[in-house]
Structures are given as C-alpha cells and as structure tokens.
Number of protein chains: 2
Amino acid sequence: MDVKTLCLGVLTEGDKTGYEIKRCFEDAFSHFFGAGFGSIYPALAGLSRAGLVSCRSVEQDKRPDKKVYSLTAAGHRLLVEELMATPPRHKVRSEFLVLIYFAHLLPPERLAWIMDQMIARWRQAVADIETCTTAAEGLAMTPGMRFAAGYGRAMLGAALAYVREHQAELVGAVAEIAAPATPEPLPLAGD
Amino acid sequence: MDVKTLCLGVLTEGDKTGYEIKRCFEDAFSHFFGAGFGSIYPALAGLSRAGLVSCRSVEQDKRPDKKVYSLTAAGHRLLVEELMATPPRHKVRSEFLVLIYFAHLLPPERLAWIMDQMIARWRQAVADIETCTTAAEGLAMTPGMRFAAGYGRAMLGAALAYVREHQAELVGAVAEIAAPATPEPLPLAGD
DNA sequence: ACCACCATGTAAACGGTTACATGATTAC
DNA sequence: GTAATCATGTAACCGTTTACATGGTGGT
C-alpha cells in the first residue's frame, strides 16, 4: 500500500486539492502513516494519468489556481480491490527505542532529555487526536475513523504510562553504570 | 539513523557474523526496527571499508567460511557520536490501521479476518518477547534492553486489549452500514 | 523429497524524504 | 518584518525491499 491508495481513500470523503489531501493526512493518519507534498503531488499526477481520479482547475482571485481532484468509478473500484488485497501489516520504526536500548552508552542527562522529549510529543499527539475528534463531532465520522482514533489514544496513553513509570528506574540504573558506587577505577577506557 | 548504526550497536555486545547480527535484530529489535540481509551485508561492508569494524574470516568444516566482525575504537566513538546526534523519532506505519480507517469499504467478514490476524500476530510477538527475555535471563541484559522489552510488552498488551474490546463494536457498525435496509430486528434490540 | 538452517553476497526496483523553485495573502 | 497559510510542482538523493545466485547439513 502506498500514498496513491491513501489518496484514493481520502477522496471517497469528497473532492479535494493536493493541499487539502495533505491536511487530511496530517489530521487523520499522522499517527500511523506519513506523507509529504513530495509524494502526494506525484501520486495525484499518476492517478490522474491512469484515469483513477479526475481533475478540474478552479480559478481563485488573489491566489494561484487550484486543482480539485475527484474519485472516478474506476478509482473507487481499484481502491476497494487494493484494500482487499492489502495484508494487514503494522510496523514501528523507532529511533527513540534504539536510543533507549543503548541507554548505557549515553550520559544520563541526555537520556532524561530524550524521554522528556517523547513524553512532550506524545502528550501533544493525544491533544491533536482530541482536537480532531471533537472538531469532526456530528460530521460524517465512520466507525473505522472512530476506532483508529481510539486506538491512537489507547496506544499513546499506554506509552506515556509506561515511560512515566519506568523513567526514573532506567535513568537511575544507567547513572549507576556510568558512575558506579565503587571508587575502583575501571580498566575499560581502552585508549 | 540507519542499519549501519544498529550494526555498530549490536557489535558492542561482542563479535558477530552478519548472519548472527540479523538474528540479533530479530530477537531484540524486531518490534521497533526492521532489517534484512539485503541491508545488513552491504552495511557491514561499508563499515569495514571505513575502518569502523574489523573483520576476520573463520574457516569452518562442512560450512562456508564465516566473517566475524569486531567493533574498532573508531567505530565505538562514531556509534556514541551518532547516538548523541540522533533525534528521538518514533514512527508507525500501519497498513492495518489504514484498512481499519476504511473499514466501511470492506466486507464485514474481511474486517473480522483482518483483526483476527493482528490479534494472532501480536500474541505471537508477546510470546517472542517473553521467550527472549527469559532466554537472556542471568546474562548481560542492560537496563535499556529491559526497558525496551517492557515497552514492547506494554504496547502489545494495550493494542490487544483495545482491539479485543472494540472489535465487535466495529464489525457490527460496519455490518449495519453494509446492510442498512434489513427490517430484521436484532435479537437483543431494546431500542 | 522437501524444508529449515547456516552463510554470504549482488543488483535492480521501488518509494519516500528533502531541497529547490515560485509567489501572493494574512496575521502577529 | 517575519512567519504561517495557501498552492503546485520537480529532481536528486537515500535507504529499504525483493529477487537472484550458491551450496552443504540435518531433520520429518
């Protein structure tokens, strides 16, 4: 599954410009799928060439023209086909956890800073989901959207809880390794 | 942060062959970082060229020679530098959640199958973490490794709990959308 | 017989990120 | 005046994934 499929997907909710699609991605998918202009615009161009979306230019005063994309019947069909054929993968790529894994190679202050960063970011992410769901309240919100939002909240909550509970423990343990209670000089300096 | 850095990282635990490094990745990092032979072997070759790891060939009987890599002093220094310079990112890329988000476009049976798949996979992942941590019990397990394993367990537990609790709700809501006109009253309908 | 494990590598394809390029409007 | 928003696109770069290529051992 690539950005093209996601574009077809958001267009089922109504016609949109490339710019608006990016907004959609940020609001709805940001915690489980990322995409920037550099992948959205080429994707849209490709879909248009393939007849899976149609495109009309809309003039605006005091702004450049915008291109509004609509899903075609063929596009809708392909979307469903692709969704049916997509194996349910779920990958995490976390530099944060790599850093944690090698915590003993870092100064304790750096480690504490890293965890504070993540806590702050996750807090923000929870707030963003809350904002989006209350903003979409009353509007057409499918069961899937609700489920995905709830999943995001649950995961972020669990992550925050785990880090908060084990943060002090980890920093303490690493500090002990870095500066052991024994004043014995370690021979591991190695140059 | 790329595969090269991770290779340097696992080599701090002791000398290893490319094959063993891949095993390490699977055991320790699989729930937050992925890498296959196709990225590990070229990474090791590059590190060797740059003098960040050294390499010695070991003959084996009845097996092809293996190349055992060791971290050099320069490699260790670069690793720490890289870890210090790495911003703590944490990205999820989930085709599963995309599928869920567009649940209303899928047949309810498919949706149920998708969730069953994820539940099974996550259960397996929990079991794998348990196996690895008990296997490494008593051995050198750094605080960071324990933290990362615990984090994995916590996240998988939360994911499983959330999906289990909201699975029926979602499938039910989607089934209603898929077949809205059924005048058939539900068995427990009190509304 | 066939599959999994051990063991190493290459090369092409694919897709995403980042930087570049342009330019007007509105709000602080 | 400086930043953010609206609005579109290209091109180089980077790294991963996947498929290919080889080959002996050990288990069901």
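Please read these numbers as outputs of a predicted model, since none were measured by experiment. The chains referred to below are lettered A, B, ... by the order of the sequence lines, with proteins before strands, and numbering in each begins at 1. These values consider heavy atoms only, across backbone and side chains, with no hydrogens, waters or symmetry-generated copies.
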Starting at [atom1] of [X] and ending at [atom2] of [N], how long is that distance when rounded to a whole Å?
X	N	atom1	atom2	answer
Phe37(B)	dG23(D)	CZ	C1'	15 Å
Ile40(B)	dA7(C)	CD1	P	14 Å
Lys91(A)	dG15(C)	NZ	P	13 Å
Tyr41(B)	dA19(D)	OH	P	18 Å
Leu6(A)	dG15(C)	CG	C1'	13 Å
Tyr19(B)	dC6(C)	OH	P	4 Å
Asp2(A)	dT18(D)	CG	P	14 Å
Arg93(A)	dC14(D)	CZ	P	15 Å

Between [X] and [Y], how do the two ring planes meet: parallel, tilted or perpendicular, split at 30° and 60°?
X	Y	answer
Phe32(B)	Tyr101(A)	tilted
Phe25(B)	Phe29(B)	perpendicular
Trp122(B)	His90(A)	perpendicular

Nearest-nucleotide 5' precedence on DNA chain C, Gln60(B) against Ala45(B):
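Nearest nucleotide further toward 5': that of Gln60(B).
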
message = If you assign Lys66(B) and Arg89(B) each to the DNA chain C nucleotide with the nearest heavy atom, which residue ends up on the more 5' nucleotide?
response =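 The residue mapped nearer the 5' terminus is Lys66(B).
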
For a quick check of understanding: with a heavy-atom distance under 4.0 Å over all strands, which category does [X] fall into, base, sugar-phosphate or nothing?
X	answer
Phe25(A)	nothing
Gly38(B)	base
Lys4(A)	nothing

It should be established whether Arg23(A) places a side-chain nitrogen or oxygen under 4.0 Å from OP1 or OP2 of nucleotide dC6(D).
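Yes, such a contact exists.
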
* Regarding Lys22(A) and the six-membered ring of Phe37(A), is the cationic atom NZ or CZ under 6.0 Å from the ring centre and inside 45° of its axis? ->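 Here Lys22(A) passes the 6.0 Å and 45° test against Phe37(A).
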
- prompt: For Glu130(A), what residues pass the salt bridge (Lys or Arg N to Asp or Glu O under 4.0 Å) criterion, not counting sequence neighbours?
  reply: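 Counting only residues at least two positions away or on another chain, Glu130(A) forms a salt bridge (Lys or Arg N to Asp or Glu O under 4.0 Å) with Arg153(A).
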
